[in-house]
Amino acid sequence: MDKIILAIPSKGRLEEQSRKIFLEAGMEIKRAGGARSYSGELTGFDDILVRFLPAGEIARELVKGNIDIGITGVDLIHETAENAINSVVLACELGFGRADVVLAVPDGWIDVTHMHDLFDVASDFRVKHGRWLRIATKYVNLTRKFLAEHGIAQYRIVQSVGATEAAPASGVADLIVDISSTGSTLKANGLRILENGIILQSEANLIISKSSEWTPAKRMAIAQILDAIGIMEK
């Protein structure tokens, strides 16, 4: 099939801002079946199919090659798989959806300010408390990679399904890895980011899949989109 599949976030501010990027370039995104439809079209481009999907799903499908181009966060691409970033091209930072993936500890841990302090805590934690240090997060792959870089192996991941920042106060975990844009939510929950605890700085990007089947017709179509938005093809 020579039609390009373009995916944008399916709801909220990310959808609004994604639509705005294209609209400012003279391309309106329409939902063919109304607000609840997951399919759409890009005005003036008959060879573009628009799909409305959750940002995390867009990242996974870009890496697999089931989507040709999409808007999602770089953090979600990295979280998809260890080397997922090598399966895509980051065509353009879009200036919205900015957030850092950070490691945060309770304010009460006054002696833990850097990752080397956390290394010491993790090493002694089981002896002192009879269990592994627990880290609540939705970012399992990024967390494991970051901790391995700092030589920390004595911990257990608690998969977060709700408000991650509430995990330490509720006793579910001892510290967290989560996204933060201003730090206010962390502060409100008695948490602080370690001095060198920023794992990844992220924002929404227009991202092209390397894994898609790129026919000459599709390459031409993608070049037209990038040109309209003012991006040089990479």
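In this chain, residues are counted from 1 in sequence order.
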Q: So which heavy atom on Glu41 is nearest to which on Val50, and how close?
A: C-CG2, 3.7 Å
Q: Under a 4.5 Å side-chain heavy-atom rule over Ile, Leu, Val, Met, Phe, Trp and Tyr, are Ile152 and Ile193 clustered together?
A: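 Different clusters.
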Q: So Phe146 and Leu200, do their side chains get closer than 4.5 Å, heavy atoms only?
A: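 No; the side chains remain at least 4.5 Å from each other.
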Q: Taking the side chain as everything from C-beta on, heavy atoms only, tell me whether Ile5 gets closer than 4.5 Å to Arg51.
A: yes
Q: Determine whether Thr164 and Lys138 satisfy the following criterion, side-chain hydrogen bond (donor to acceptor under 3.5 Å, both in side chains), listing intermediate values before the conclusion.
A: CA-CA 8 Å; Thr164 304; Lys138 298 180 181 75; 3.0 Å; yes
Q: Could you check whether any side-chain heavy atom of Ile48 comes within less than 4.5 Å of a side-chain heavy atom of Ile225, counting everything from C-beta outward?
A: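 A side-chain contact under 4.5 Å exists here.
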Q: Begin from the C-alpha positions of Ile135 and Leu147 and carry the test side-chain contact (heavy atoms from CB on, under 4.5 Å) through to its verdict.
A: CA-CA 11 Å; Ile135 304 173; Leu147 293 177; 3.5 Å; yes
Q: Should Asn205 and Val88 be marked as a side-chain contact (heavy atoms from CB on, under 4.5 Å) after you check the CA-CA gap, both sets of side-chain angles, and the distance that decides it?
A: CA-CA 11 Å; Asn205 271 241; Val88 300; over 6 Å; no
Q: Only one of Val121, Leu191, Leu133 passes side chain to side chain contact (heavy atoms under 4.5 Å, CB included) with Leu175; say which it is.
A: Leu133
Q: Is the shortest heavy-atom distance from the side chain of Val177 to the side chain of Val101 under 4.5 Å?
A: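 Yes - at least one pair of side-chain heavy atoms lies under 4.5 Å apart.
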Q: Work out which heavy atom in Phe119 is nearest to a heavy atom in His150; give both atom names and the distance.
A: CD1-O, 3.7 Å
Q: What I'd like to find out is whether the side chain of Leu194 reaches to under 4.5 Å of the side chain of His116, using heavy atoms alone.
A: no
Q: In the structure I gave you, are the side-chain heavy atoms of Ile207 and Ile69 within less than 4.5 Å of one another anywhere?
A: no
Q: Spell out, as yes or no, whether a donor-acceptor pair under 3.5 Å connects the side chain of Lys187 to the backbone of Arg192.
A: no
Q: State, with a plain yes or no, whether a side-chain heavy atom of Asp75 is found less than 4.5 Å away from one of His78.
A: no
Q: Among Ile176, Leu186, Asp178, find the one that has a side chain to side chain contact (heavy atoms under 4.5 Å, CB included) with Val102.
A: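 Between Val102 and the candidates, side chain to side chain contact (heavy atoms under 4.5 Å, CB included) is satisfied uniquely by Leu186.
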